[in-house]
Colleague: 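Next up is a structure, given as structure tokens.
Just so you know, ligand 1 is whichever comes first in the structure, and atom 1 is the first atom listed for that ligand.
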Amino acid sequence: MHISVLLHEVIDGLQLQPNTNVVDATLGYGGHTQLALDNIAPHGKVIAFERDLRTMRATQERLKAYGDRLICIHGSYAELRERAEEIRKHGPIHAIMADLGLSSLQLDQEQRGFSFRFQSPLDMRFDETQQRTAATLLRDSDERTLQNIFTRYGDVPFARRLSQRIVQERSTHPLHTTSDLIMCVESCVGKRIADKHMAQIFQSVRIAVNDELAQLEAFLPASIASVESGGRIAIISFHSGEDRMVKRFFEEEATDCVCPPEFPECRCTHRARIWKVTKKPIEPSEIEIHTNPRARSAKLRIVEKK
Ligand SMILES: C[S@@+](CC[C@H](N)C(=O)[O-])C[C@H]1O[C@@H](n2cnc3c(N)ncnc32)[C@H](O)[C@@H]1O
């Protein structure tokens, strides 16, 4: 089971109408997709991306009652622009949603290596056909790169010390399993501090393995290009780096002139393509956080294409 975050806030915010089409950039367990399918019945379709084939197959099976109103694409939402033509064969896209990161289903699959609760190979790939795993990333990245990963994707306060320790450690003991990584962190900062920051460390390695910020960077402009005029885009992020990217992008695209402030008059040809439906991000209520602690850091931003 995966409990969908900000489920009604996303679906209500998209203002879905019967017989319209929606792109779900991150199918996962299909909670958002399912409610969207109910809202766009009887003929509206959801075209859903999912990078993780196992997840995609399981959700296709779970939602098989919706028949050909659910079309799944095994691939990254970063491919939205290239696949727009194929998607438009089903009709225009009226709304797009993305619920970034990973699902509880993935976190609970012991052998995937996403969780420090299980002893398993250091894998962490969403797409298991990809070459790079967490083990190869930790084996091949230089000290500077590792430090950047821990700082940028996990705000790990001892990023420098940890990257030095990994480089030192791997020359004699390659990091193959989640326990190898945990022991390496513990030997670097002690068990108490290691425990406090382990989730951030695992998160930062996962973001790097799946190149998540680059995927998002490619997806954002493609989402505006693909959706119909008057259509809405809703994005839930869980990490400050992701939310910063979404916020900045939407801010710029909602602005007519993007000339530097010192220019006396506008010299750019930039024109706003969207307006911000949410001036501030929507965050989960205390009740939602209580029933689903994973929702704690979620931020939902919604825009509408002009
Ligand atoms: C938070 S879950 C989505 C949960 C879903 N909204 C629900 O209600 O069940 C995120 C999903 O997106 C997938 N994912 C992550 N990055 C992706 C990408 N670049 N393209 C497509 N899917 C991606 C993950 O494999 C995961 O299954």
Colleague: The test is salt bridge (Lys or Arg N to Asp or Glu O under 4.0 Å); show your working for Asp243 and Arg301 and say whether it passes.
Modeller: CA-CA 9 Å; Asp243 182 58; Arg301 296 183 188 271; 2.8 Å; yes

Colleague: Among residues at least two apart in sequence or on other chains, which ones pass ring-ring contact (aromatic ring centres under 6.0 Å, His included) with Phe202?
Modeller: Phe116

Colleague: Between Thr20 and Leu16 (side chain of the first, backbone of the second, donor and acceptor by atom type, cut-off under 3.5 Å), is there such a pair?
Modeller: no

Colleague: Cation-pi between Arg81 and Phe219: NZ/CZ under 6.0 Å from ring centre and within 45° of the ring axis?
Modeller: no

Colleague: Could you give the side-chain donor-acceptor pairs of residues 281-290 under 3.5 Å, partners two or more places apart or in another chain?
Modeller:
{"unit_1": "Ser285", "atom_1": "OG", "unit_2": "Ile287", "atom_2": "N", "d": "3.4"}
{"unit_1": "Ser285", "atom_1": "OG", "unit_2": "Glu288", "atom_2": "N", "d": "3.1"}
{"unit_1": "Glu288", "atom_1": "OE2", "unit_2": "Leu6", "atom_2": "N", "d": "2.9"}

Colleague: If the criterion is any heavy atom closer than 4.0 Å to an atom of ligand 1, which residues make the list?
Modeller: His2, Ser4, Ala25, Thr26, Leu27, Gly28, Tyr29, Gly30, Gly31, His32, Glu50, Arg51, Asp52, Thr55, Gly75, Ser76, Tyr77, Asp99, Leu100, Gly101, Leu102, Ser103, Gln106, Phe126, Gln215

Colleague: Using the test ring-ring contact (aromatic ring centres under 6.0 Å, His included), find all partners of Phe158 that sit at least two apart in sequence or belong to another chain.
Modeller: His197

